[in-house]
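Not measured: the values here are computed from a predicted model. Numbers for residues simply follow the sequence, beginning at 1. Order of appearance sets the numbers: ligands from 1, and atoms from 1 within every ligand.
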Amino acid sequence: MSKTKSKPVPIHATMEQFETIDNELTINGLPMTVIANIVGQTPFYAYDKSVINDTMANLRQILPTGIELHYAIKANPYLPVINHMCSLVDGFDVASKGEMLLAIQTGMPTDEISFAGPGKTNVELTSAICAGVTINVESESELTRIEQISQQLAITANIALRVNPAFELKSSGMQMTGGAKPFGIDSELVADLVIRINSSSNSFIGLHIFSGSQNLKPEALIEAHNQTFELASTILEQAQSTARSINIGGGFGIPYFPGEQHLELSEISDNLSRLLKEYQSQFGQTKIMMEFGRYLVGPAGVYICEVIDIKMSRGQKYIVTNGGLHHHLSNSGNFGQIIRKNYPVAVANKMSQTSDENVIIVGPLCTPLDIVANKVTLPSLEVGDLVVVYQSGAYGACASPQQFLGHPSVAEILL
Ligand SMILES: Cc1ncc(COP(=O)(O)O)c(C=O)c1O
């Protein structure tokens, strides 16, 4: 096969992180039809290591050196992905015992793993205490249970307090703070709990202030960072305590929908440098960390499904594929979207062909919610073609109801 590289036709969605070679989308140099044969089935997710590496390298280069980067495993817990991330990030954030056990098995030092999430069971708390994982405590009663368990086991628990600030991260896809929330402890109650931990035999690690996710507005993130540093400073002053670490959250978004742009990081980074200087006397010895999920892995992943049938219904062409909502709930619009919009899609084996057909791409499920792409203009599709959904490296397989209607589960591969 000759390796003439062709620029994709600009009409249908392409994402610049992947190369097109001879009419085919490639993942880390491999054409998609070859990957489909290697995997031996469609649908599948393919994740590109080189895209993850580039994202991490860019982030490290742009953000101030004092900032540590953690990966939130919930975004993509596929073991080869987590193992790869282990060599790139400074720590992991986990949200269950299951994720914690995966994280530990990558070899990440357990004191670089933090466990957040409401409703941790005593079994989960025991497991985290024994492993030496930092527990981001979500309520006073959770703290009481940790104290009881650590006392019974005679093991020091590593405790950080997750704070529910009064402010919110504006313009977020998902807001997690401000007002009454199930996440974290209301900020006005936190200083007393810091004092309580410091006067116990447990270890106070610091504060966790995660205010939202999927944010594409630098000014909103900057405002939240300013408020986060100020809040952490006030709480620690009130408690007359130092902290080993402060997790200032993450929330960097990625563009999914028409009109959305890549997040511009330079002003965010300048502001973080300024904050690190401003709070140097108080936080000079404190690790400042951020935790990201989708920003690190989302753009590196694609979802591939295969055209099974093509039909016309009253003038509308439908492309029926073997993939859909059961593998990729977020692409179907049913994972937190208010109004459904299309993720970027293309035809992986027809990348250089002109897009001239308007189609609705659906999955095999008996529900009108099972939409892969609604009214998109793509090259003329045939049975056997491979439809690609971009920006699918996060909240894909792990966030989808794969058992629904008993279709085969989706495969995954990291290349
Ligand atoms: C505590 C916490 N950390 C990290 C994340 C990851 O968010 P994202 O994938 O948008 O970066 C979430 C998302 O809900 C979260 O709740």
Side-chain angles (χ1 to χ4, degrees), residues 47 52 55-56 59 63 67-78 81-82 85 88-96 99-100 103 112-120 124 128 133-139 142 160-165 168-178 181-185 205-217 220-221 224-225 228 245-257 260 262-263 265 268 289-301 329-331 335-337 343 391-400:
Y47 312 116
I52 296 177
T55 304
M56 281 302 302
L59 210 49
L63 292 179
I67 303 274
E68 292 204 354
L69 299 179
H70 283 217
Y71 173 55
I73 283 178
K74 57 169 73 73
N76 188 331
Y78 183 48
V81 168
I82 312 176
M85 295 308 292
L88 298 174
V89 295
D90 304 303
F92 284 140
D93 172 62
V94 300
S96 65
E99 284 190 358
M100 186 175 74
E112 300 294 353
I113 300 173
S114 55
F115 183 177
K120 296 181 201 75
E124 288 181 308
V133 161
T134 297
I135 303 170
N136 291 332
V137 175
E138 305 267 350
S139 70
E142 186 175 292
L161 294 171
R162 180 164 179 189
V163 183
N164 172 28
E168 57 188 31
L169 174 54
K170 292 176 192 144
S171 315
S172 285
M174 198 162 53
Q175 265 163 3
M176 303 189 72
T177 58
K181 286 283 181 296
F183 311 109
I185 299 161
I205 302 294
L207 302 173
H208 178 223
I209 308 177
F210 185 93
S211 42
S213 96
Q214 182 49 22
N215 199 301
L216 291 167
K217 294 256 170 12
L221 287 154
H225 290 160
T228 300
S245 69
I246 299 172
N247 183 330
I248 63 166
F252 290 5
I254 58 171
Y256 288 104
F257 307 123
E260 289 185 341
H262 291 283
L263 179 64
L265 292 180
I268 295 172
M289 53 177 74
M290 299 185 79
E291 69 183 52
F292 299 108
R294 79 187 75 220
Y295 192 84
L296 305 186
V297 294
L329 187 69
S330 49
N331 174 56
F335 191 64
Q337 278 185 50
Y343 275 40
Q391 303 294 76
S392 297
Y395 307 109
C398 66
S400 301

Nearest 0.5 angstrom please: Tyr395 OH to Ser400 OG, how far? 12.5 Å

Name of the residue among Glu291, Met290, Glu112 meeting side chain to side chain contact (heavy atoms under 4.5 Å, CB included) with Glu68: Glu112

Return the residue, atom name and 0.1 Å-rounded distance of the protein heavy atom closest to atom 15 (C) of ligand 1. Lys74 NZ, 3.3 Å

Tell me, which protein residue and heavy-atom name are nearest atom 4 (C) of ligand 1, and how many Å apart are they? Glu291 OE2, 3.1 Å

Which of the ligand 1 atoms, numbered from 1, are nearer than 4.0 Å to a heavy atom of Asp93: 3 (N)

Answer yes or no: does an N/O atom from Ala116 fall short of 3.5 Å to an N/O atom of ligand 1? no

Just jot down the ligand 1 atoms closer than 4.0 angstrom to any heavy atom of Ala72, in number order. 4 (C), 6 (C)

Among all protein heavy atoms in this structure, tell me which lies nearest to atom 11 (O) of ligand 1, with the distance rounded to 0.1 Å. Gly293 N, 2.8 Å

Mind checking whether Phe115 and Thr134 have side chains closer than 4.5 Å, heavy atoms only? no

Is it the side chain (CB and beyond), the backbone, both or neither of Arg294 that lies under 4.0 Å from ligand 1, heavy atoms counted? both

For atom 16 (O) of ligand 1, what is the nearest protein heavy atom, given as residue, atom name and distance? Met176 CE, 3.3 Å

Inter-residue atom distance Ile73.CD1 - Glu99.CD, 0.5 Å rounding: 6.0 Å

pair Ser213-Arg294: side-chain heavy atoms closer than 4.5 Å: yes

In this structure, atom 14 (O) of ligand 1 is nearest to the protein heavy atom Met174 CE, 3.2 Å

Closest candidate by heavy atom, reference atom 6 (C) of ligand 1, pool Tyr395, Tyr295, Phe252: Tyr395

Centroid-to-centroid, Phe292 to Tyr71, below 6.0 Å? no

Got the closest protein heavy atom to atom 5 (C) of ligand 1, with its distance? Phe210 CZ, 3.4 Å

Give the numbers and elements of all ligand 1 atoms closer than 4.0 Å to a heavy atom of Phe292. 11 (O)

I'd like to check His225 versus Ile248 (side-chain heavy atoms, cut-off strictly below 4.5 Å). Are they in contact? yes

Would you call Asn76 and Leu296 a side-chain contact if the rule is heavy atoms closer than 4.5 Å? no

